[in-house]
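Each remark here refers to the structure printed beneath this line.
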Amino acid sequence: MNSTDPGVNTSPDGRSKRWADHRERRREDLVDAVIEAIRELGPEPGIDAVAAHAGVSKPVLYRYFQDKSGLWEAVGRRAATAVVEAVAPAVAAVREERDVVAAAIDAYLAYIEADPHLYRFVVHQRGIARERDVVADAIDTVASGLARILGDRLRALGLDSGPALPWAYGIVGYVQTVGDWWLRHQQPISREALATYVTTFLWGGVTGIRTAADTPGGLAATGL
């Protein structure tokens, strides 16, 4: 009679999967620890300080990440995901054009205000080789979501939806640049005031959509 528990996979493939799952959980735990170290130590921590703060040795870190660049990139991906998770639901929850712009701006500024060290670490980290640009990935995700909403509104107005994507990237890039200035200068104005200023400026461009639709060669959709 086979006494092996049928609920336990003892095959080599089963052991490999359990090890892979354990390794991934350990990597995520270490990323959590490094993020907490950045929040405590500032946006330019040394790898020795990070390891000490996390309560592990450098060899342990490098057991789970190929090198410092790999560790830094994993932290960047986590932070970029957090930005998307903060902005995307706020944008998706509204449908009026001005509310879309205002929601995206406020959600982004609120995120970087709450976690300035991690933001600076991700955006301004220099001299680190990365397989992927995590900042660009986050911008792509947020801008694509915003473009879908803008495109829907353009089509609802009987206009060409082609400009939605470049406009979305323009909005995201503008807000990122202004937010970076705001943090680097120690938030010289309140977040609420900045969000209002930026929304007002960008909304002036969005409201020009209807006017441009009446201009020869403008935004009016074709083939309707």
Side-chain angles (χ1 to χ4, degrees), residues 73-116 118-120 122-123 130-183 187 189-224:
E73 183 178 338
V75 171
R77 285 197 301 270
R78 175 75 67 79
T81 298
V83 172
V84 172
E85 290 174 347
V87 174
V91 171
V94 294
R95 279 293 177 262
E96 293 302 317
E97 295 99 324
R98 194 181 197 283
D99 291 342
V100 168
V101 175
I105 292 168
D106 186 65
Y108 180 77
L109 293 178
Y111 176 82
I112 66 173
E113 180 183 42
D115 219 341
L118 186 59
Y119 166 82
R120 292 191 183 101
V122 174
V123 174
R130 293 169 171 168
E131 292 184 3
R132 298 185 65 180
D133 186 335
V134 295
V135 176
D137 287 348
I139 289 173
D140 286 345
T141 302
V142 174
S144 295
L146 183 58
R148 283 193 294 272
I149 295 172
L150 291 175
D152 288 345
R153 294 301 302 156
L154 287 167
R155 285 186 288 273
L157 293 169
L159 304 178
D160 178 12
S161 62
L165 192 58
W167 281 344
Y169 272 92
I171 290 171
V172 173
Y174 181 87
V175 174
Q176 182 190 13
T177 301
V178 172
D180 193 71
W181 160 82
W182 184 57
L183 283 188
Q187 298 163 247
I189 60 177
S190 70
R191 191 187 92 219
E192 292 77 13
L194 182 61
T196 298
Y197 296 158
V198 175
T199 299
T200 300
F201 180 82
L202 290 173
W203 179 242
V206 176
T207 54
I209 291 172
R210 291 182 178 87
T211 301
D214 297 327
T215 303
L219 300 175
T222 59
L224 294 178

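Inter-residue side-chain proximity for R155 and L159 is flagged as unmet; no heavy-atom pair is nearer than 4.5 Å. Residues L109 and V198 have side chains not in contact (no heavy-atom distance under 4.5 Å, counting atoms from C-beta outward). Using a 4.5 Å heavy-atom threshold, the side chains of L118 and Y111 count as touching. Put simply, the side chain of L146 does not reach to within 4.5 Å of the side chain of Y169, judged on heavy atoms.
Distance check: D180 CG to Y119 OH gives 3.5 Å after rounding to the nearest 0.5 Å. T200 OG1 to R98 CZ: the interatomic distance, rounded to the nearest 0.5 Å, is 5.0 Å.
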Could you list the donor-acceptor pairs under 3.5 angstrom formed between side-chain atoms of residues 170-178 and any protein atom two or more places apart in sequence or on another chain?
unit_1 : atom_1 : unit_2 : atom_2 : d
T177   : OG1    : G173   : O      : 3.0

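Applying the side chain to side chain donor-acceptor pair (under 3.5 Å) test to pairs two or more places apart or on separate chains, those with a residue in residues 101-110 are D106-R191.
The minimum heavy-atom distance linking P163 with L154 is given by the pair CD-CD1, 4.5 Å. The minimum heavy-atom distance linking A143 with L165 is given by the pair O-CD1, 4.5 Å. Across all non-hydrogen atoms, the minimal contact from A103 to A90 is CB-O, 3.5 Å. Across all non-hydrogen atoms, the minimal contact from A147 to A164 is O-CB, 3.5 Å.
The backbone N or O of G151 sits nowhere less than 3.5 Å from a side-chain atom of W167 that would complete a donor-acceptor pair.
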